[in-house]
Amino acid sequence: MARVLQPFEFIEAAGVKEAVAALSQPGTRLFAGGCDLVPAIRRGQVRYDTLVSIMKIEGLSEFSSHPKVGVKIGAQVLLSRLVNDIWVGKRWAALHEAVEQLYPPHIRNMGTVVGNLCAAVNYYDVPVSMFAHRAVLTLSDGTTSREVGIDDFYTGGRGTAVGAGEMVTQIDLPPPAADAGSAFKKIYKARRRADDLHKINAAAYVALDEAKEKITDATLVIGCVGDSPLRITAAESALVGQVAGDEAFNSAAEMAVAAVQPMTDAGWVEEIRSDWIRILARDVLAQAASRALSRHDPAEDAHLAY
Amino acid sequence: MNDFAYVGKRMTKPDIYGKVTGEAKYTDDITLPGMVEGRILCAPVAHAKIVSIDTSEAEALPGVLCVLTHKDCPDIRFSRSTMAEALPEFAFTGERQDQFILTDKVRYMGDWVAAVAAEDITTAERALELIRVEYEPLPPVLDPFTALEQGAPVVHEDCADNIAFEMDHPFNCGDVEKAFAEADAVAEFSGVNSRQKHLHMETDVAIASFESDKRLVIYSPSQGPHLAKKHLTKRVFPDLDDGDIRWISPAIGGGFGARLALGVEPAAVLLARHCNRPVRVTTTREEDFQGYSSRTDMHQTIRVAATKEGKLLAIDQKIVSDSGAYLSHSATTSTVNMQKTLGVLKCDNIKGHLTVVYTNTPVTSGFRGYGNPEGAFVLQQALDRLAEKIGMDPMEFRLRNLKEPGDPSCFVPVTLEHTKLKECIDVGAEKFGWKDKWQGWDAAKEGRYRRGVGMSVLTHASGAGGFLLEHSSCVMKVLTDGSLNLIVSPCEMGQGIIGALTQVAAEATGLRYEQIRISTGDTDVTMFDIGSHASRSMLVIGNAVHAAGVKIHDQICERAVKYFEEHQVKLEASDIKVRAGEITSDKAPGVVIDVSKVAYDAIYDFGEGGSQLNASGSYLSTSHHPNHQAAFAEVEVDTETGQVTVVNYVSAHDIGRAINPLLVEAQMEGSLVQGIGFALTEDFVIDPETGKVLSDSLLTYRLPSTMDVPPMEHLLIEEPLEAGPFGAKGCGEAGLVNPAPAIANAIYDAVGIRVHSLPMSADKVLWALKHGTEEAPGQSRVSGQFL
Ligand SMILES: Cc1cc2nc3c(=O)[nH]c(=O)nc-3n(C[C@H](O)[C@H](O)[C@H](O)COP(=O)(O)OP(=O)(O)OC[C@H]3O[C@@H](n4cnc5c(N)ncnc54)[C@H](O)[C@@H]3O)c2cc1C
């Protein structure tokens with residue numbers, strides 16, 4: 001049953017070290033924008049005595065994007081910061097679409113990108129797009145840091161690779177190949193049982209050869225169907241070397257359907273879900289490829305960046 | 001040409017500045033000295049006996065003032081709906097009084113079991129956790145059809161068959177079966193709406209305070225505080241009388257009909273009584289989702305019959321409404337559904353029957369449109385099916401069956417005197433390009449994305465004169481600077497009525513718009529009025545303002561005679577006019593006297609003429625003065641995902657006269673957005689096994705966003721209604737009626753399927769595309785959970 005917020009300690013840490021040190025106390029949790037935590041506390045799903053804000057820590061607000069260098073997103077960067085970024089829009093279109101379609105706007109204005117990933121909620125959109133872009137997260141204990149690829153970040157349930165005494169300080173997205181495109185798409189339905197899902201989301205990245213015909217690299221990700229986004233690796237490897245077209249995308253889409261475990265839903269829900277997985281997989285691949293095809297000369301982009 | 005100073009102009013509403021700057025005070029902004037906080041314990045199961053409640057631990061918690069349960073409540077049942085107090089005795093059987101402030105038995109998940117008052121809200125919250133309740137679970141009944149079966153679990157012991165209310169349409173007429181037998185074509189459509197949430201931004205809250213003179217002061221965002229006060233004294237606390245309570249509705253954070261019902265006010269009063277302190281009771285958004293209120297889901301079957309020339313011969317409507325655990329507004333909304341649905345078109349053979357059923361689900365209540373959107377969704381699709389059977393353009397079919405002045409209105413005892421529905425259809429169709437876009441019943445559409453068009457028409461009320469207690473009064477006084485205090489009782493919930501009434505007052509008195517200040521929302525100050533609902537405020541309250549305004553105008557004219565004499569002009573009062581603060585006369589060209597001069601001298605007269613300019617005005621409405629609307633929608637259906645996008649929407653509203661076109665358009669726009677949510681995305685789902693609300697946050701209950709709103713055009717058909725203030729009719733609710741049926745008809749035109757339950761979400765559309773709609777899955781029938 002719902003709750004009003006109980007009082008808690010609120011620490012505004014000045015450094016990463018101070019923040020992670022505070023976490024050693026039981027009942028303590030890192031706090032960024034609070035969009036995930038506050039409703040969970042109000043619902044009585046979690047309870048914390050101390051919340052440690054990371055929003056005052058020096059050096060975590062960096063955001064930069066460059067088509068040749070990649071995207072850097074510090075732990076304090078708000079979702080809204082990405083929406084109007086020209087490079088994210090052009091070269092990391094899946095991420096752009098995930099954030100652009102995220103509403104209400106208040107959430108974009110308060111929630112962080114990193115918080116969205118760390119919340120480890122299986123139906124969130126930003127993680128799915130991050131899989132397509134092969135994000136790398138930097139985890140730090142204030143002294144040393146390590147890098148974890150998004151593929152290894154989620155550890156089952158709502159667990160992440162963030163260890164005790166660690167926090168995420170940054171996300172890096174590598175630059176896409178010269179002739180590459182990406183896309184994100186989602187579709188909603190109502191939950192009809194307690195364990196029913198209420199949406200499907202998908203993202204893809206497709207790189208083409210110089211002739212812009214054959215696929216040289218691909219990522220296909222489906223969300224909402226397991227604890228964390230699911231990469232359809234069979235489809236990805238099958239796509240490489242094929243001509244970017246309906247035939248390749250349709251068979252990749254079938255592989256996506258086959259890769260997803262049936263859920264306990266009613267049969268008809270299962271049917272719609274499979275249809276949607278197939279259609280979204282095909283749509284994001286086709287959209288990503290079409291973006292790869294229609295992309296103009298990268299040199300032009302590079303000049304715009306300055 | 002009318003030479004209005006303000007009426008018909010796009011004025012900025014005066015209360016908007018406070019709203020956008022944060023100055024406006026809502027109930028939650030109010031703090032009284034010594035005020036403590038109250039919270040309510042909600043049941044975690046859908047149906048259970050309460051075996052025992054141990055409050056001792058909670059009471060022992062420092063800071064807790066009292067913990068109350070059923071045994072502390074007045075032993076009297078009441079309905080959350082206050083409408084009983086606005087209905088005549090004969091009609092009033094609909095309002096079963098069926099709940100206690102704190103319940104004797106759990107009837108839905110979220111039912112109120114206990115209440116706590118404590119020095120601060122976190123202590124109150126902790127106290128809730130310390131209340132030990134032993135429940136003996138009972139099998140819940142979560143579906144109205146199961147509830148009607150023999151041997152189903154009983155929700156209310158004094159209502160063994162779970163039928164909360166049942167009636168035949170009072171205006172049944174003709175011989176329906178004969179008409180069906182003789183008709184050239186017959187069609188039928190069945191469907192159910194989902195329990196749309198009001199989602200007013202301000203969740204339910206109330207403050208109750210017993211003052212030292214023993215009077216009770218209540219602050220809460222009520223849409224009708226006079227009615228709420230009457231209801232509270234008559235049915236909840238009978239030891240209190242009308243004069244014992246002062247009810248203040250501060251700024252209201254949205255209503256949409258939810259604030260017509262009592263919310264946490266009775267609990268606040270009960271707590272305040274027990275702990276002798278002012279108490280504020282707060283609820284959260286999560287609690288709002290779990291059970292505060294929603295639209296009633298009405299399962300309906302409508303059969304229609306026509307001649308091959310397109311004359312509508314008969315309509316037969318059956319409704320089974322799922323009221324939830326308590327009756328609240330569902331009997332009255334269902335009745336209004338029948339009235340509007342069976343009365344929108346001309347038809348001589350009409351039959352309607354209604355059953356309202358109790359289930360162990362959250363309580364439903366009144367919602368903008370009040371039964372009309374629920375009925376239109378089904379009727380307008382049945383009409384389209386009928387038009388298809390006789391091979392007629394659906395617009396043409398409706399045009400052939402319009403009511404005309406002189407016909408009975410949808411509330412049959414009242415004659416329809418004014419309708420511009422035909423003009424609405426003509427103008428809307430022209431703007432929409434219906435002639436080009438409608439390609440016939442067998443138009444072939446191809447490709448993944450298919451477009452289709454659909455339309456719908458409606459009749460709605462401007463108040464319920466002839467039925468409800470439709471009178472209103474107001475008071476005016478003029479200050480020395482020519483400004484006006486207008487004391488009047490609409491409830492400003494964001495709809496802009498304060499602005500529109502200011503325009504009426506300024507026009508009628510001749511004073512300046514900028515200098516009119518409205519006092520409202522305090523039952524000690526304002527005159528009796530049943531509140532803002534049923535699109536009534538403009539017509540009923542507006543007429544009262546007009547009546548008082550004309551008196552002020554005439555007083556000014558009479559006093560102005562002597563000022564013209566100073567200019568050597570001898571005039572009668574009737575030669576003089578007052579407009580926008582200036583007094584002039586055609587017979588005295590060039591002479592302009594400011595109203596402040598007259599107003600000042602009226603007060604600062606030490607001789608015999610001293611009296612502040614003042615007037616009161618009353619109005620009694622004897623008709624519901626229907627307003628009408630025609631709407632046209634164009635949609636695009638993605639045949640692979642089932643997603644529906646509205647790409648264009650045109651509606652035309654029969655407004656009489658738009659006092660402020662900006663506000664009328666805003667009402668139409670806002671209600672269209674709410675209507676698109678109702679049609680496509682908003683799904684209030686109750687777990688068919690446990691009775692728990694699954695769509696319990698704004699993440700899973702999807703409101704439309706700006707991305708879902710199409711290009712839209714709202715056209716105003718203006719021909720003044722004689723009885724309206726400056727000719728105006730109501731407009732607050734109508735816009736929510738047409739979107740669902742117009743979109744549904746457009747989906748059918750695009751892809752040839754009809755979804756039988758709202759919302760017409762992508763999964764249902766896709767299923768229907770693949771399998772047709774006969775073989776509907778998930779047939780639990782709870783709250784729209786079947787296709
Ligand atoms: C109404 C609503 C609608 C939404 N719609 C969408 C949507 O459409 N699509 C979508 O993808 N998301 C959606 N979200 C989710 C939203 O984007 C996330 O809740 C938000 O981005 C989380 O970020 P935050 O900064 O608020 O995190 P917080 O709530 O502050 O933290 C979230 C979690 O991450 C942990 N954390 C935060 N920062 C770090 C760090 N640096 N290192 C380690 N752990 C950390 C916290 O301890 C906590 O467990 C929606 C949320 C709401 C409330």
Side-chain angles (χ1 to χ4, degrees), chain A residues 1-8 35-36 38-45 47 100-108 121 123-125 185-200 202 253 265-283 286, chain B residues 37 39 41-44 109-110 120-122 124-126 128-129 194 282-290 638 640-643 681-685 687-690 692 694-703 705-707 759 761-764 766-767 770-771 776-778 780 784-785 787:
Chain A
M1 287 281 121
R3 299 268 172 271
V4 291
L5 276 186
Q6 290 294 303
F8 50 79
C35 299
D36 196 70
V38 173
I41 297 171
R42 274 230 310 262
R43 252 157 221 281
Q45 290 162 343
R47 190 159 225 178
E100 190 195 30
Q101 293 167 32
L102 194 157
Y103 70 84
H106 326 61
I107 301 297
R108 296 205 301 242
V121 173
Y123 56 81
Y124 281 3
D125 303 318
K185 199 164 172 176
K186 64 179 169 187
I187 186 164
Y188 287 99
K189 68 183 268 301
R191 273 165 49 169
R192 313 215 167 265
R193 312 256 152 186
D195 54 1
D196 190 6
L197 76 168
H198 73 279
K199 88 186 200 196
I200 296 271
D265 297 331
W268 73 283
V269 178
E270 192 69 35
E271 179 181 327
I272 295 292
R273 191 176 65 120
S274 301
D275 283 347
W276 279 355
I277 290 171
R278 181 181 301 112
I279 291 151
L280 289 193
R282 197 204 51 207
D283 279 1
Chain B
E37 302 284 350
R39 290 277 294 148
L41 181 71
C42 300
M109 196 181 286
D120 58 80
I121 192 143
T122 51
E125 190 68 47
R126 267 199 220 112
L128 291 186
E129 290 167 23
S194 99
T282 308
T283 60
T284 66
R285 178 65 65 197
E286 288 76 8
E287 284 163 341
D288 179 85
F289 268 108
Q290 277 157 7
D638 180 344
E640 300 209 356
T641 60
Q643 254 168 336
T681 65
E682 296 183 36
D683 207 349
F684 186 80
V685 188
D687 189 315
E689 265 107 52
T690 62
K692 182 178 177 351
L694 295 177
S695 45
D696 59 352
S697 78
L698 289 166
L699 256 173
T700 46
Y701 181 93
R702 292 196 56 242
L703 282 178
S705 76
T706 42
M707 309 288 282
S761 53
D763 52 337
K764 294 183 199 166
L766 183 60
W767 177 273
K770 292 178 69 183
H771 302 276
S780 88
Q785 291 184 61
L787 273 177

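Just so we're on the same page: letters track the sequence lines, and every chain starts at 1.
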Value rounded to 0.5 Å, distance of CD in B:Glu682 from CG in B:Leu703: 5.0 Å

Between B:Leu698 and chain A, which part of the residue has a heavy atom less than 4.5 Å away: side chain, backbone, both or neither? neither

Select one option (side chain, backbone, both, neither) describing which atoms of B:Asp696 are under 4.5 Å from chain A's heavy atoms. both

The interface call for B:Lys692 against chain A, heavy-atom contacts under 4.5 Å, is neither

Is it the backbone or the side chain of A:Ile187 that comes under 4.5 Å from a heavy atom of chain B, or both, or neither? both

Do B:Arg702 and A:Lys199 come close enough that some side-chain heavy atom pair is under 4.5 Å? no

Is B:Ser697 in contact with chain A via its backbone, its side chain, both, or neither, using a 4.5 Å heavy-atom distance? both

Scored by heavy-atom pairs under 4.5 Å with chain A, the best of B:Thr283, B:Leu41, B:Leu699 is B:Leu699

Tell me, for B:Glu640 versus chain A, whether the close heavy atoms (under 4.5 Å) come from the side chain, the backbone, both or neither. both

Would you say the side chain of A:Gln101 lies within less than 4.5 Å of the side chain of A:Asp125, judging by non-hydrogen atoms? no

Between B:Arg126 and B:Glu129 (salt bridge meaning N to carboxylate O under 4.0 Å), is one present in this structure? no

Residue pair A:Ile200 / A:Arg273, side-chain heavy-atom distance below 4.5 Å: yes

For the student: nearest non-hydrogen atoms of B:Asp763 and A:Trp276, plus distance: N-CZ2, 3.4 Å

Counting heavy-atom pairs under 4.5 Å with chain A, which one of B:Met707, B:Glu689, B:Lys770, B:Arg285 comes out on top? B:Lys770

For A:Gln45, which of A:Arg47, A:Arg43, A:Arg42 qualifies under side chain to side chain contact (heavy atoms under 4.5 Å, CB included)? A:Arg43

Whatever's closer than 4.5 Å to a heavy atom in chain A on B:Ser695 counts as neither

